[in-house]
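First the proteins, then the strands, lettered A, B, ... as listed; each starts at 1.
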Amino acid sequence: MSHDEFPTDQPAVVTCGLPYANGDLHVGHLRTYVGGDSFARTLETLGQETAYVSGSDMHGTPVAVNAEQQGVDPEDFALEWHEQYAETFPKFNVEFDNYGHTHDETNTELTQEIVKTLEDEGHIYEKEIQVAYDPVADDHLPDRYVEGTCPYCGEKARGDECDEGCQRHLEPGEVEDPKSTITGNPAEYRERTHKFFRVSEFSEYLTEFLDGLEGTSNAQNQPRQWIEEGLQDWCLTRDMDWGIDYPGEEEEDIVLYVWVDAPVEYVSSTKQYSERVGSDEYDWERVWKDEGEIVHVIGRDIIQHHTIFWPAMLEGANYNAPRAVAATGFITINGKGLSTSRNRAIWAKEYLEEGFHPDLLRYYLMTTGGLQQDVDFSWDAFQEKVNGELVGTVGNFWYRSLLFAYRNYDGTPDVGVSPDVEDRIEGAIGEVREAVNDYSIRGIGQAATRLAQFGNEYIQRHEPWKLTDEEPEKAAQVIRDCVQIAKAVGVLIAPITPDKAQALWEQLGEDGAVENARIEDALEAPPRRFAEPGELFEKIEDERVDELNEKLADRVAAAGDDGDDEEDAAEGSETAGDTDDDSDSDDNDPAGDLEPLLEDRIGFGEFQDLDIRVGRIEVAEGIEGADDLARLEVDIGFESRQVVAGIKQLHDLEELPGEKIILLANMEPAELFGVESNGMILAAGDEADLLTTHGDADIGEKVQ
RNA sequence: AGCGGGAUGGGAUAGCCAGGAGAUUCCGGCGGGCUCAUAACCCGCAGACCGGUAGUUCAAAUCUACCUCCCGCUACCA
């Protein structure tokens, strides 16, 4: 099936993957939510009736586990995060029509109703399965409460997913040698009755569904693969008490799996919106059950749920199928993966505290790289984008046009717009339409920026400042055209930089809000008179960028220290030697890569705390599943130590046995890839040049 | 190792899914112009064997196969 182009006559709903109520928001989240927001806003300017909804994901084992660890109620724990999210999004002009959460009444009821329907339609069956159970703590252990060995590949695996090995989704009872992640107790399997959803019966439907699915290509290719490999039925229930009760079994100690009620929140949130504004204004049932355009914007890690499980649920419960799934790529920071634990991230809160306008980040995130592309964030690139495009192109054009118009005509000159300028604006509108139908937010921004660029060219080519005296009519015409272009740029860019567009709107003397404007308004004349304009964008100075880079580097370095220092040390100097402002000078530059000497001196006593020994490698073998790690057995005289070192790629492991090496022996034990490490091999540099002795020091001798 | 993404002028990117004149845009470099405007803006120039190999084709950056190299994920982190 194919879809009509946006805008259509049907109401649309744009949803964003639910943020998990478990931690602070950062620039990676924002990319998805701003993306959905911009897309929804653009649909509205095109005249499409649109609701933009999302909500917090409150359930699931991580919330339960974290709450438990902090000794608080999971509901309170999750609600706290929920409230923070609800406050943060508007600060980035991410304006949901409704933002709910999965634990509220609407969602509880609707989820149960949908499950009930699935049951009535015969899509659910009961099955006795083996569930991990901690006999000491007298607790059932769903999902991540249990870990063990993957039955498929033999790697260490979590209860619900073979995360380190073959990546397979594991059904309850599959993981072997289970033990509790909470108590560490070995778990036993007990027979329990659980509910299963016949996803396997939807293979054909889903194949067809995928054929008509729009959005980003990554959301279409991967699921096809999964279907070909054969779909498994999903276990819908879990033995725990944090979650939504299975309908009709409230008294049982069983709740619905978090991925059942999470996507239902899309519907619930729409429903709440509908109930607030009235169904005349927006009818959630029409959208979800009849003929709406459903667009899911998600992070690419949850493609499976949105292209397999969720559409099957919708179909099974007689709901409408999604029109599109747009999966965003990930964000890297200065070329490296965003890592919340290492604090290598740009936090939402932090960005605002730095005093930058949210629209700047929105513009950066939306116009740097395509939606499904991984995008790098760096303050340098941010500066370049802002100074070059927003200040130089858009802001400058707005300001020079309006200022000229204000000074010479007190506003918009009283003539019509030239036909070719009108054509150019229409062309830009066409680009926006095309971009929307391609799910290309960047295309929307580019259409606007390019139009501003055209405006700059236009004004320069016609040099109205030369014409005011000699050919006043011509001058008026040029300025009239420029004012129109300026307004059009404002209308087109409003979905991406709503505040800034609104400011322009007001400078033009327009009433109301630019977000209520239609795209055709780009061609409507602004009011005859307007006041003196001001500059809407400010340059970011180099010093500011240096400062921000330093802050980030310091933070990452600080977090890196107590993280996985063993691995870092073994790998060489992966940490931060930064502060270089251009940060791009990585490759083949050994001399420039040396870490700076530490300023702090230590005493002899502190040195003596390090028990460094001469050892001999007895066994060296790669650790399966790890790129760099090798397991070594090292003889240090008294005993043989098992050590994990990041040298798999850097040395020929077969030649290592027999080598004399230097070992930091009183390193606290660590577990890497499931292998315990009891010491640290000393090595120099990125290539892990192993240290040894030159004389005949005995094995086990202390280095001092 | 598995999975995902990528390899295009100095840097960053588009095009590639619907193959056709040696290819986009931005930053930077060089030269020039202009001054209404935020040391801006405009014009022009230099510069690329489109990662490698083989294949399909009249024709490939664009399709197929294999390979190399980068990057991310594999702590619910979008």
What pattern of brackets, bars and dots sums up RNA chain B from 5' to 3', given Watson-Crick or G-U wobble pairs under 3.5 Å, [ ] for crossing pairs and | for another strand?
-> (((((((..(((.......[....))).(((((.......))))).....(((((..]....))))))))))))....
Step-by-step salt bridge (charged side-chain N to carboxylate O under 4.0 Å, His left out) determination, A/Glu457 to A/Arg461 | CA-CA 6 Å; A/Glu457 284 169 35; A/Arg461 197 169 40 202; 5.1 Å; no
Reckon A/Leu25 touches a base, only the sugar-phosphate, or nothing at all at heavy-atom distances under 4.0 Å?
-> nothing
To the nearest Å, give me how far apart NZ (A/Lys385) and P (B/G28) are.
-> 14 Å
If you measure from the C1' atom in B/C50 to the same atom in B/G15, how many Å do you get, rounded?
-> 10 Å
Rounded interatomic separation in angstrom, taking CD from A/Glu389 and C1' from B/G28 = 15 Å
With sugar-phosphate meaning primed atoms plus P, OP1 and OP2, does A/Gly28 contact a base, only sugar-phosphate, or nothing at under 4.0 Å between heavy atoms?
-> base
Selected nucleotide, minimal atom distance to A/Glu535 side chain, candidates B/U38, B/A78, B/U13 | B/U38
Assign A/Arg407 to base, sugar-phosphate, or nothing according to its heavy-atom contacts below 4.0 angstrom with the strands shown.
-> sugar-phosphate
In whole Å, what separates the P atom of B/A61 from that of B/U24?
-> 14 Å
C1' gap between B/G9 and B/A46, integer Å = 10 Å
Which is it for A/Tyr99 and A/His82 under the ring pair (Phe, Tyr, Trp, His ring centres under 6.0 Å) test, yes or no, and what are the steps along the way?
-> CA-CA 10 Å; A/Tyr99 188 79; A/His82 166 69; 5.4 Å; yes
Roughly how far apart, to the nearest Å, are B/U56 and B/U64 at atom P?
-> 15 Å
What is the distance from CG of A/Asp376 to P of B/G6, rounded to the nearest Å?
-> 16 Å
For A/Phe404 and B/U38, what is the distance between atoms CZ and C1' respectively, to the nearest whole Å?
-> 18 Å
Which is true for A/Phe537 with a 4.0 Å heavy-atom rule: it touches a base, it touches only sugar-phosphate, or it touches nothing?
-> base
Length of the line joining A/Leu536:CG and B/A37:P, which is rounded to integer Å = 16 Å
d(CG, A/Leu210; C1', B/C17) in whole Å | 16 Å
Do A/Arg450 and A/Glu431 sit within salt-bridge range, that is, some charged N less than 4.0 Å from a carboxylate O?
-> yes
Which atom pairs link the protein and nucleotides 40-43 of chain B when you take only N or O atoms and keep those under 3.5 Å?
unit_1 : atom_1 : unit_2   : atom_2 : d
B/A40  : O2'    : A/Asn396 : OD1    : 3.4
B/A40  : O2'    : A/Asn396 : ND2    : 3.3
B/C41  : OP1    : A/Gly392 : O      : 3.4
B/C41  : O2'    : A/Arg400 : NH1    : 3.2

Taking the six-membered ring for Trp and the single ring otherwise, decide whether the centroids of A/Trp310 and A/His305 are under 6.0 Å apart.
-> no
Could you give the distance separating B/A14 and B/C26 at their C1' atoms, to the nearest angstrom?
-> 11 Å
Nearest-Å distance once atom C1' is located in both B/G51 and B/U57 = 23 Å
Rounded distance in Å between the C1' positions of B/A7 and B/A12 = 13 Å
Taking the side chain of A/Trp465 as heavy atoms from C-beta outward, which of B/C34, B/A37, B/C77 is closest to it?
-> B/C34
A/Arg442 atom CZ is separated from B/U25 atom P, nearest whole Å, by 14 Å
Distance, rounded to the nearest Å, where A/Glu463 contributes CD and B/C36 contributes P | 10 Å
